[in-house]
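Remember, predicted model here, so these are calculated numbers, not experimental data. Side chains are part of it too, since the values below use all heavy atoms of this structure and drop only hydrogens, waters and symmetry mates. Atoms within a ligand are numbered from 1 in the order they appear, just like the ligands themselves.
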Amino acid sequence: MLSLMLCGVSLALPLFVKAGTCKDADMHPEVISEGRPFAINCTYPSVTNGAVNVTWHKVPNQSPVSKNRQLRNHQDRTWILFLPLEEGDSGIYQCVIRDGHSCYRIAVNVTVFRKHWCDSSTESRISPPNEYQQFLPMGKSGSLTCYLDFPDSCVLDSIKWYKGCEELKAGKQYILSGRKLFVNSVAAEDGGSYACTARLTHLGREFTVRNYISVSIKEPASGLRIPHISYPKNNTIEVQPGSTLIVDCNITDTKENTNLRCWRINGTLVDDYYSDSRRIQEGIETNVSLKDHIFYTVNITFLEVKMEDYGLLFMCHAGVSTAYIMLKLPAPDFRAYLIGGLMAFLLLAVSLLCVYNSFKIDIVLWYRSTFYTAQPPEDEKLYDAYVLYPKCPTESQGRDVDTMALRILPEVLEKQCGYKLFIFGRDEVPGQAVANVIDENIKLCRRLIVLVAPESSSFSFLKGLSEEQIAIYNALIQDGMKVILIELEKIKDYSTMPESIQYIRQKHGAIRWHGDFTERSQCAKTKFWKKVRYHMPCRRYPPSSSVQLLRHTPCNCTAAKWDAATGFISS
Ligand SMILES: *[C@@H]1O[C@H](CO)[C@@H](O)[C@H](O)[C@H]1NC(C)=O
Ligand SMILES: *[C@@H]1O[C@H](CO)[C@@H](O)[C@H](O)[C@H]1NC(C)=O
Ligand SMILES: *[C@@H]1O[C@H](CO)[C@@H](O)[C@H](O)[C@H]1NC(C)=O
Ligand SMILES: *[C@@H]1O[C@H](CO)[C@@H](O)[C@H](O)[C@H]1NC(C)=O
Ligand SMILES: *[C@@H]1O[C@H](CO)[C@@H](O)[C@H](O)[C@H]1NC(C)=O
Ligand SMILES: *[C@@H]1O[C@H](CO)[C@@H](O)[C@H](O)[C@H]1NC(C)=O
Ligand SMILES: *[C@@H]1O[C@H](CO)[C@@H](O)[C@H](O)[C@H]1NC(C)=O
Ligand SMILES: *[C@@H]1O[C@H](CO)[C@@H](O)[C@H](O)[C@H]1NC(C)=O
């Protein structure tokens with residue numbers, strides 16, 4: 001049913017059109033000089049394909065123009081031909097052009113004028129208008145065109161160009177090429193009246209076509225005839241593989257230009273080249289209209305840059321202009337490496353320092369135990385340390401101090417570590433004068449160990465008895481004598497202490513005893529004893545060969561069994 005209806009409509013339509021309702025197109029004028037051949041083609045943009053029926057007639061005459069080719073004025077297929085044009089031919093000519101679907105009526109207002117070419121006698125007359133207006137760009141090279149529109153039955157050749165009445169010869173300034181005249185470096189004098197002539201041969205008869213062209217000089221339109229690509233500039237782009245990259249192609253073009261703008265790889269549109277993966281795509285073109293040109297941007301998007309993309313030329317095209325980008329692997333950043341290396345080195349140094357600080361004592365003790373052999377000390381000293389401790393009046397305090405000085409210290413330093421101590425109140429020969437004992441023996445010691453308890457400050461023994469003073473005095477003035485201050489309890493206020501103690505505390509610090517004062521066996525490997533041993537001289541080994549076995553387990557809590565005490569002193 002529907003197809004029947006469609007069929008009916010399509011059959012009825014041509015009949016309806018044929019019935020005479022043709023659309024009128026705008027009339028256009030032709031101003032042509034007499035005496036030359038002239039032709040008009042009947043065309044309408046929308047009816048150029050397929051077979052058309054064209055009929056020409058002169059208004060108001062209804063009868064069509066003859067198709068007899070021998071006649072001066074006849075129709076040649078779609079053309080109306082005047083061989084040549086006469087003054088009486090002025091008037092409105094109309095053609096009706098039909099194809100299967102549409103019909104148009106096109107009218108042409110032909111005005112024929114008489115022009116005397118290079119005839120001095122008529123120069124004074126008002127010069128009639130030229131047929132053609134053309135332009136040449138100032139300071140650039142430009143071209144003029146000789147319009148010769150005739151049907152195929154006409155043969156055209158020997159085109160000549162004239163400026164005024166003078167024929168133009170090909171040379172430095174003019175290039176003659178087909179129907180075009182190229183003018184190099186146009187100057188103001190190049191404006192004026194031009195003419196081109198051609199020989200036309202039709203059915204053996206020869207005619208001369210002469211076009212009058214009036215040429216004006218124009219400032220070039222902002223100098224942008226070919227599109228200008230402002231970016232890319234045949235540059236390389238550093239990019240990491242795997243990253244996303246978007247690159248703009250920025251183009252400036254004149255408004256008249258209808259160039260294709262696109263990205264290509266190897267001559268193929270990127271969208272076609274990567275049609276499967278769509279990994280690299282062209283963006284949608286955007287434009288900004290400026291005063292006398294248009295700014296276009298079309299981007300290319302790399303969703304993920306791959307190794308195969310490096311070194312290829314990605315071309316942006318805009319008409320005849322091209323420019324490319326090339327991807328490049330980023331150069332390694334030496335500055336970053338340098339800074340990184342420096343930072344790493346600093347970090348290493350700082351951490352080494354930290355490690356050393358926190359393990360200094362262990363490291364030194366380990367070093368001593370590993371690399372020091374039991375060589376007899378090179379100095380003249382007999383003892384490793386002189387132990388100085390307060391004699392306390394109160395029962396309990398005095399007991400603690402005594403326990404520390406007479407039991408715990410010898411237990412660890414002598415029995416376990418093999419040091420030799422001189423403990424006042426244990427080692428002096430009875431009957432000797434106190435001052436002499438101290439003065440003589442302290443010279444034989446390498447270290448001075450001073451035990452302090454809070455109450456010891458309030459004792460007068462330091463003031464009355466000069467044991468400490470003598471000892472400390474000796475320690476301070478004797479070169480190389482180090483003082484080890486051991487606090488038996490936390491001492492809040494040193495200001496009541498003798499100045500020499502304050503001075504030592506300030507200069508060398510003190511080691512705090514944290515344990516109790518029972519005679520429980522002590523271990524030389526606890527923190528406290530390690531500190532003490534650290535401040536003691538390098539360990540001394542007993543000369544007896546039986547002890548050599550213990551050399552590599554120094555200060556062993558359980559195995560230290562040699563008796564270091566009196567044997568050494570007397571030897
Ligand atoms: C003349 O007009 C016909 C019909 O409109 C068209 O097909 C043909 O291309 C035209 N010829 C020229 C040279 O323009
Ligand atoms: C053109 O006109 C001829 C004769 O009038 C006719 O036979 C032919 O079908 C027409 N062609 C078209 C396409 O209208
Ligand atoms: C045809 O052109 C001439 C001169 O250009 C003009 O005087 C005349 O009015 C025009 N005719 C029509 C019908 O437009
Ligand atoms: C291209 O033009 C756009 C403006 O449309 C601008 O933002 C961009 O920076 C330009 N790119 C380059 C590389 O010049
Ligand atoms: C580009 O084209 C050339 C020849 O047309 C070809 O040899 C080459 O392999 C192509 N390169 C790529 C990346 O497709
Ligand atoms: C690239 O073009 C697309 C349109 O195709 C747009 O959406 C996108 O914003 C553009 N990217 C950049 C960075 O200009
Ligand atoms: C400019 O862009 C608009 C919309 O995006 C489009 O309609 C227009 O045709 C473009 N103009 C040119 C000259 O490409
Ligand atoms: C960039 O390269 C293209 C083709 O290789 C060339 O036509 C163009 O002149 C070059 N542009 C620049 C600014 O070098």
Provide, to 0.1 Å, the distance between [atom] and the closest protein heavy atom, together with that atom's residue and name.
atom                    : answer
atom 5 (O) of ligand 6  : I284 N, 2.4 Å
atom 13 (C) of ligand 6 : I246 CG2, 3.6 Å
atom 7 (O) of ligand 4  : D248 OD2, 4.8 Å
atom 2 (O) of ligand 6  : N299 ND2, 2.5 Å
atom 4 (C) of ligand 4  : F295 CE2, 4.0 Å

_Interfacing atoms of ligand 7 (cut-off 4.0 Å, heavy-atom, N287)_ = 1 (C), 2 (O), 3 (C), 8 (C), 10 (C), 11 (N), 12 (C), 14 (O)
*Mark up the atoms of ligand 7 that fall under 4.0 Å of a heavy atom belonging to I294, in ascending order.*
13 (C)
*Give yes or no for whether the N/O distance cutoff of 3.5 Å, strictly under, is met between R261 and ligand 7.*
no
*asked:* Could you check whether F82 and Y93 have their ring centres less than 6.0 Å apart?
replied: yes
Go through the side-chain N and O atoms of [X] and [Y] and say whether any donor and acceptor fall under 3.5 Å apart.
X    : Y    : answer
Q173 : D190 : yes
S214 : Q133 : yes
S153 : D76  : yes

_Residue G283 vicinity, atoms of ligand 6 by number, heavy atom under 4.0 Å_ = 2 (O), 5 (O)
*With no hydrogens and no angle check, is any side-chain donor or acceptor of N68 less than 3.5 Å from a backbone partner on Q70?*
yes
*Charged N to carboxylate O below 4.0 Å: is that the case for R264 and E282?*
no
_atom 9 (O) of ligand 4 touched by protein (heavy atom, under 4.0 Å)_ = no
*Plane angle bin for Y44 and Y104 - parallel if under 30°, tilted between 30 and 60°, otherwise perpendicular*: parallel
*Give yes or no for whether the N/O distance cutoff of 3.5 Å, strictly under, is met between N250 and ligand 4.*
yes
*Is it true that C249 and C316 have SG atoms closer together than 2.5 Å?*
yes
